Number of protein chains: 2
Amino acid sequence: MKASQTARERARAELTGEITRTARRHLSTEGAAGLSLRAVARDLGMASSAVYRYFPSKDDLLTALIIDGYNALGRAVEEADADCDPADFTGRWRASCHAVRDWALARPHEYALLFGSPVPDYRAPQDTVGPATRHSAVLARLATEACRAGALRLMGRPDPDPGPLDPSPAVRELFGDSPEEVVARALSVWTGLHGWIGFEVFGQFDGVLEDREGAFARHVAHLGDILGLTGRYGER
Amino acid sequence: MKASQTARERARAELTGEITRTARRHLSTEGAAGLSLRAVARDLGMASSAVYRYFPSKDDLLTALIIDGYNALGRAVEEADADCDPADFTGRWRASCHAVRDWALARPHEYALLFGSPVPDYRAPQDTVGPATRHSAVLARLATEACRAGALRLMGRPDPDPGPLDPSPAVRELFGDSPEEVVARALSVWTGLHGWIGFEVFGQFDGVLEDREGAFARHVAHLGDILGLTGRYGER
DNA sequence: ACCGAGTCAAGAGCAGTGCTCTCGAATATG
DNA sequence: CATATTCGAGAGCACTGCTCTTGACTCGGT
């Protein structure tokens, strides 16, 4: 291809990035529902209609932001996990949880976009499921490795038996040959983690609990118990 | 007071109720962000400006819906708990959890209004905290009574000690003389419960898990373990 | 070098929103 | 009965997402 064509495509990519960047800035201050294509265009000094050349609808812009968000969160958790001693499963668990929380508290509106109430009339396209899995995959890998290493205190199903778990094949694959009980407990701690963080981000703790650092550390320890982690819990 | 005055006030109360009723209907189909004062007015056959005689702003309408929602949820959980043998703490815990979930799944948008991402520019007034506490108070009471009855397997703080918990006086009062560890674990299961339900309501489980009934029963059992409940888990 | 094809930004415009203000009419109060 | 208050309706403002048209620009092939 010629350089001239590349020039045009480069300009397009440049502007696309510029739009998503200022959109994310608006998102972080106004929230997802307050994000306005016109305001973004105004900020960039262009007509609102011009933005539609790059994003056919507001949903498409949101999708781009969501994918970016999932990837950023996934990367943060992956790095936190990689910084740990691979054999220190409790430490990895703790680090991963705090990574998710730190990421969420640093950009609450972005977290709300990923894990809060879905924006109305928005239907997540298939492109989002890959990046969405990313941060959860860290947890799944952690559980699988801990299980394989014998570092998980395995427990039976609750009594009486609630029946078999039926995760999707993709999820089942994430956990390798781990027993079903590990998958079930991983789901519990996964939701338990986001339940806490969501409550923090969405203000549900206001007037309930002020020192959330220490309380979260305890929560992570409780969740680790559910998962069956046997190690001790260190400081952050 | 004269009957005529009562007549006007009655008409006012009547119309206020009518507005909240159709607003709740719109909310349940369109979601909180899609709720439009004009659409509600249209549905009632009145001018949009007339609605402002009854609710000075959309936020005030939302506040009314939120208060109603918290009360309805609280009542549902209270009734579920009251239907159980008071000494069967595990059964009460299970029933309360399922009551929250059933309520949420039956009106996802209303649940999202209460526990999802806060609507932009909306600041919850003080009137909402009372009803908001209601359903959580059931859990607190359950934990307190179980603790007092010796039905709770008490555990120490995680190792090493993350320091004391510092809940607000109102929360601390809900738990009576229960040890701090019970409060900490109640917070864990409280957030863990809503974490799961929120993921269900917000579609986070789509493509991950299809049989959510059984999986939720397991989750409730896991949370009961955190709380230290010692009983066995029966069918619903 | 030029000319048609494709791309682009801009403006006007549509339908919708929350909200305010004003103006008659209905109602309650002295 | 007269006065004061309440009420519904309409017009209007500023904003939103989105569409369509118009004119300018750039690119690729002859």
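These numbers come from a predicted model, not from an experiment. Chain letters run A, B, ... following the sequence lines, proteins first and then strands; every chain starts at 1.
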Once base and sugar-phosphate atoms are separated, protein heavy atoms under 4.0 Å mark nucleotides 9-14 of chain C, 5' to 3', with B, S and - as BBB-B-
Exercise answer: donor-acceptor pairs, residues 31-42 of chain A side-chain atoms, under 3.5 Å, sequence neighbours excluded:
unit_1: A:Ser36; atom_1: OG; unit_2: A:Arg38; atom_2: N; d: 3.2
unit_1: A:Ser36; atom_1: OG; unit_2: A:Ala39; atom_2: N; d: 2.9

Distance, rounded to the nearest Å, where B:Leu37 contributes CG and C:dT20 contributes P:
11 Å
Between A:Pro56 and A:Ala39, just flag the one whose closest nucleotide in DNA chain D comes earlier from the 5' side.
A:Ala39
Which class fits the ring pair A:His222 and A:His219: parallel under 30°, tilted 30 to 60°, perpendicular over 60°?
perpendicular
Atom NZ of A:Lys58 and atom P of C:dT17 are separated, to the nearest Å, by 15 Å
Side chain to side chain donor-acceptor pair (under 3.5 Å): which pairs involve residues 17-26 of chain B, sequence neighbours left out?
B:Arg24-B:Asp68, B:Arg25-B:Asp43, B:His26-B:Asp43
Taking side-chain contact (heavy atoms from CB on, under 4.5 Å) as the definition, give me every residue that meets it alongside B:His109, ordered by chain and number, with sequence neighbours left out.
B:Leu27
Sequence-distant partners of A:Thr16, side-chain contact (heavy atoms from CB on, under 4.5 Å), two or more places apart
A:Arg12, A:Tyr54, A:Phe55
Between C:dC8 (C1') and A:Ile19 (CD1): distance, integer Å
12 Å
So if I take every side-chain heavy atom of A:Tyr52 and compare against C:dG18, D:dG17, C:dT17, which nucleotide ends up nearest?
D:dG17
Taking the minimum atom-to-atom distance to the side chain of A:Ser36, which one of D:dC18, C:dT17, D:dT16 wins?
D:dT16
Hey, which of B:Arg141, B:Arg134, B:His135 is the one that makes side chain to side chain donor-acceptor pair (under 3.5 Å) with B:Glu78?
B:Arg134
Within this structure, what is the CZ-to-P distance between B:Arg42 and D:dG8, rounded to whole angstrom?
18 Å
B:Phe55 CZ - D:dC7 C1' separation (whole Å):
16 Å
B:Arg12 CZ to C:dA28 C1': how many Å, rounded?
14 Å
Between D:dT19 atom P and A:Asp60 atom CG, what is the distance in whole Å?
11 Å
Sequence neighbours excluded, which residues qualify as ring-ring contact (aromatic ring centres under 6.0 Å, His included) partners of B:Tyr70?
B:Phe115
In whole Å, I'd like the distance from the NE2 atom of A:His26 to the C1' atom of D:dT16.
15 Å
Need one value for A:Leu35: base, sugar-phosphate or nothing, where a base atom within 4.0 Å counts as base even if backbone is also close, heavy atoms only.
sugar-phosphate
